[in-house]
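The chains referred to below are lettered A, B, ... by the order of the sequence lines, with proteins before strands, and numbering in each begins at 1.
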Protein chains: 2
Amino acid sequence: MILGRLKIDWDSSVPAYRQISGYVRAAVEDGRLEPGHRLPATRDLARQLGVNRNTVVAAYDALVAEGCVRSHTGRGTFVVPRPTATESSTPSAEPASTWFTAFSRTVEGATDGGLQSIYRLAISGEGISFVGSYPANETIPVERFGRAMARAIEEGGSQILAYGATAGFSPLRESIAADLRAKGATVDTGQILVTSGAQQALELVFRTFLDRGDSVIIEEPTYTGALTVFGAIGARAVGVPGDDQGLRPDLLEIALQRNRPKLIYVQPTFQNPTTCVMGRERREQLLEVARRHRCPVVEDDWAGDLRLGGEDLPSLYALDGGRHVIHVGTFSKKLMPGLRIGWVAAPQPVYSRLVELKRIEDCGTSPLLQKALHVFLQENGLSDHLRRVLPIYRERRDTMLDALQRHLPEGAQWTRPVGGLFLWVTLPGDFDGNELFVAARQKGVLFSRGELFHSNGQGRNSMRLTYSAASPSQIESGVAILGELIRERWPRGGDATRRSAVEAMPIF
Amino acid sequence: MILGRLKIDWDSSVPAYRQISGYVRAAVEDGRLEPGHRLPATRDLARQLGVNRNTVVAAYDALVAEGCVRSHTGRGTFVVPRPTATESSTPSAEPASTWFTAFSRTVEGATDGGLQSIYRLAISGEGISFVGSYPANETIPVERFGRAMARAIEEGGSQILAYGATAGFSPLRESIAADLRAKGATVDTGQILVTSGAQQALELVFRTFLDRGDSVIIEEPTYTGALTVFGAIGARAVGVPGDDQGLRPDLLEIALQRNRPKLIYVQPTFQNPTTCVMGRERREQLLEVARRHRCPVVEDDWAGDLRLGGEDLPSLYALDGGRHVIHVGTFSKKLMPGLRIGWVAAPQPVYSRLVELKRIEDCGTSPLLQKALHVFLQENGLSDHLRRVLPIYRERRDTMLDALQRHLPEGAQWTRPVGGLFLWVTLPGDFDGNELFVAARQKGVLFSRGELFHSNGQGRNSMRLTYSAASPSQIESGVAILGELIRERWPRGGDATRRSAVEAMPIF
């Protein structure tokens, strides 16, 4: 159904009813909705979109007023035939959009809006932002990186401004491999592919394994950007619940038996969005189950080196000896996102396909950026940077935890992350985080809605709050505003408390 | 059939028979070829691979000697059962590759090796290279770009080292739009998406329109990188022949009727590899036919601004008013490839899908690189650069044309390009360019085999010679070596001459 693609953009300043009417109007104009087509009943569309029925009624009323649709009481609302263009109309009189009615399933399937919603909002620079999983802008070592860049151009010359190897700039690949080995992995340079951020690394890995209709096991909730890739591929994400140690191996076992997935996608350390850390035993159990089912594991270590407390744990990649685990990492979070440099380490048969697909997607990542990053790493730029920023993140995390304690009503729950850039708040089960989002935005506070991290439309009662990119005073006032809004909406009576107790049980 | 994926890599130093035996051995080891499987008859495999039958016989002999297969006279050659691993074998004793037998159709379909073959060879820095379509390395304005980069970092600060908008750095997009407008196009900044080179632009466009099994019209021969994307998507490339004015509209009409393609992909200016320029009338005819069939056109203007003579022609994008043409361009050829910055300009309904898919692939191209490029453009860096390099390319083109005239036997034909970076040589119809490639490489001269630009395995009698990246003296000695090798192989008697006359007729 045409309207099946419609989703309300809660980040938009356009009211929901106007988003609906605008979507229908565009569909009528470009021919996707033909004259005589009957629109869904207001009740059904309201349920599908998760909006109040009156919102849909308002949208239909607007369309009737425009003459775009007509309502027949008791029969429904229908698209009105439009005055047809004459056959002799000049080509330029024909609206361009009528040619573009058949896009690929890749782009039709991808429109879940989740990644777009978070990404657009996060770079908007609007208000007090707890959106995005971003390093603090003011901590980016601009001058020092500038010197590394200058040295890179001086040393690299025209060579690094020409085409480079698709797999990446070798000295940088060596550095990445050496760092993984220092953390216990068995890997050599020939298994490292440099990508345009972890997003491309994940996209390449998923495209390498997954065809339309294939299943992939995910943690529920999980990284929005991964869910969006699954949508584009047409793969089926099978969410496996977890506990405070991460994905439950017994449930993983059942999911593997039932779904015969091609991959298991996990973030064992500082999971996005739940901040959960998989314990060592749990890691070994996961690998054991995966091994038994011969199912490769994709380990997304996006927050590597962003540990604020506790002890480092071996990666799945290290524990497995790099045999059936594909390891994804990035410099975006621990250093700076603007380089767009991530990587993937993979067993040889996978690696060669990844390089091939990378070549097809963009030939290779800019050697200039890779050389500059390599110079920066050689000069201990990263370790110096981490020494400087980790205390800042620690302070901001603590400020946020403290503010939550003071401002949120009893019954709200949140995680106490030992690493990464954000924390995860769970409100009573029937709490409408989407509505809260709109209200908070009006007061100048942004957060990431929990729904965006779910494959199944759930999670409206949760939110991800990024502490890394806001100042302590912004954190204090932002959480105060959120607390006030949440208190105003807090469900009354024992019923809500009961639901809270059930639904707020850590999903994992 | 498993061996259907096998292709001989003519760039490899591994003899063809060992490539075949290696491929079969790997397929047996990782289980794709099961015990008892009968290998194809040597005659059939030889035909499929385009090798001498003795080459396949040698490969099978080697496999028999290894105990990997067994020959039964009159019945064929069969895979031998291997000693099975015991059930109790430890996980670590199991070869990793046995897990990785089911990759997606994306990567299985993509393995035509064409792009890989050209790209790997082109960046190898080996011998006298006429491979790749590359600007001359020594002309890259390293110092001036270095200053632009320094200014970009100074001015942009942490902002350009953070995440940027997926569509690109706005000032750069404005520059690109302004340049297109100056060339007659109707376009605004909001229709420009910055990509990681033209390769990503094409890949995004093709993924936006094409599903597995869809048809796309191409010029035959055409850009290898586009063919590789079609392979990955599983789209069917329908080659339409042309004449010296480009794609023939009458044949395009027939192809559109028969195949109902989703797209027409063309390079109207300095076509890669034939260097053909579509005349203005032909451009209008093409648009007229496309318009009648409501088929969007993808215009790949990779060599924009690299005109060495003659007059500029309006782009299809300009002629069409940007309504049904999607326009792809790049800074890789006219400035420097290492930035990996290209762009696509598209009508709005297409544009929004492209941005969405770009976000899924890599979130966005590095704002740092975009800002540096923008500073460089603002300071007239590009126009100064072109004023400097175009005379160099003109001289190299003329040197190559002159050398071809002196060294190639009568009957060989080549184009006299008025722009771009290479020319296209056509030899008699039964000339084996693949064999010539191996012989030339042994003598230190590299070229791009014509076969790589064909969707249909034809074109072995042609080659693309890049003049831009070699010095005049290298061009002279490289062409002399090629000339000698070609003369040694020149077909004798009237028969060959006749074939030459027919087959060397400009394909278009």
Tell me which of these, [options], has more heavy-atom pairs under 4.5 Å with chain B than the rest.
{"options": "Gly225(A), Ser332(A), Pro296(A)", "result": "Pro296(A)"}
{"options": "Gly146(A), Cys363(A), Gly197(A)", "result": "Cys363(A)"}
{"options": "Gln199(A), Glu203(A), Glu361(A)", "result": "Glu361(A)"}
{"options": "Glu138(A), Gln348(A), Arg212(A), Arg359(A)", "result": "Arg359(A)"}
{"options": "Cys295(A), Gly321(A), Pro135(A)", "result": "Cys295(A)"}
{"options": "Ala150(A), Pro141(A), Gly364(A)", "result": "Gly364(A)"}

If you compare all heavy atoms of Ala136(A) against all heavy atoms of Thr139(A), which two are closest, and at what distance to 0.1 Å?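 Looks like O-OG1, 2.6 Å.
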Any side-chain to backbone donor/acceptor pair from [X] onto [Y]? Under 3.5 Å, distance only.
{"X": "Arg340(B)", "Y": "Asp362(A)", "answer": "yes"}
{"X": "Ser366(A)", "Y": "Gly338(B)", "answer": "yes"}
{"X": "Gln370(A)", "Y": "Thr365(A)", "answer": "yes"}

Is there side-chain contact between Ser133(B) and Tyr223(B), with heavy atoms separated by less than 4.5 Å?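 Ser133(B) vs Tyr223(B): side chains apart.
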Given the options Leu210(B), Val350(B), Val229(B), Leu339(B), which has more heavy-atom pairs under 4.5 Å with chain A than any of the others?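 So the answer, after comparing Leu210(B), Val350(B), Val229(B), Leu339(B), is Val350(B).
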Identify which part of [X] has an atom lying under 4.5 Å from any heavy atom of chain A, answering side chain, backbone, both or neither.
{"X": "Thr195(B)", "value": "neither"}
{"X": "Gln200(B)", "value": "both"}
{"X": "Ala165(B)", "value": "both"}
{"X": "Leu369(B)", "value": "side chain"}

Sequence neighbours excluded and cut-off under 3.5 Å, please list the side-chain donor-acceptor pairs for residues 153-162 of chain A, or say none.
residue: Glu155(A); atom: OE1; partner: Lys371(A); partner atom: NZ; Å: 3.1
residue: Glu155(A); atom: OE2; partner: Arg151(A); partner atom: NE; Å: 2.6
residue: Glu155(A); atom: OE2; partner: Arg151(A); partner atom: NH2; Å: 3.1

Run the side chain to side chain contact (heavy atoms under 4.5 Å, CB included) test against Ser468(B) and tell me which residues pass, sequence neighbours left out.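 Ser468(B) satisfies side chain to side chain contact (heavy atoms under 4.5 Å, CB included) with Tyr393(B), Leu421(B), Thr466(B) once adjacent residues are dropped.
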Among Arg260(A), Arg207(A), Lys262(A), salt bridge (charged side-chain N to carboxylate O under 4.0 Å, His left out) partner for Asp214(A):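 That would be Lys262(A); it is the only one of Arg260(A), Arg207(A), Lys262(A) passing the salt bridge (charged side-chain N to carboxylate O under 4.0 Å, His left out) with Asp214(A).
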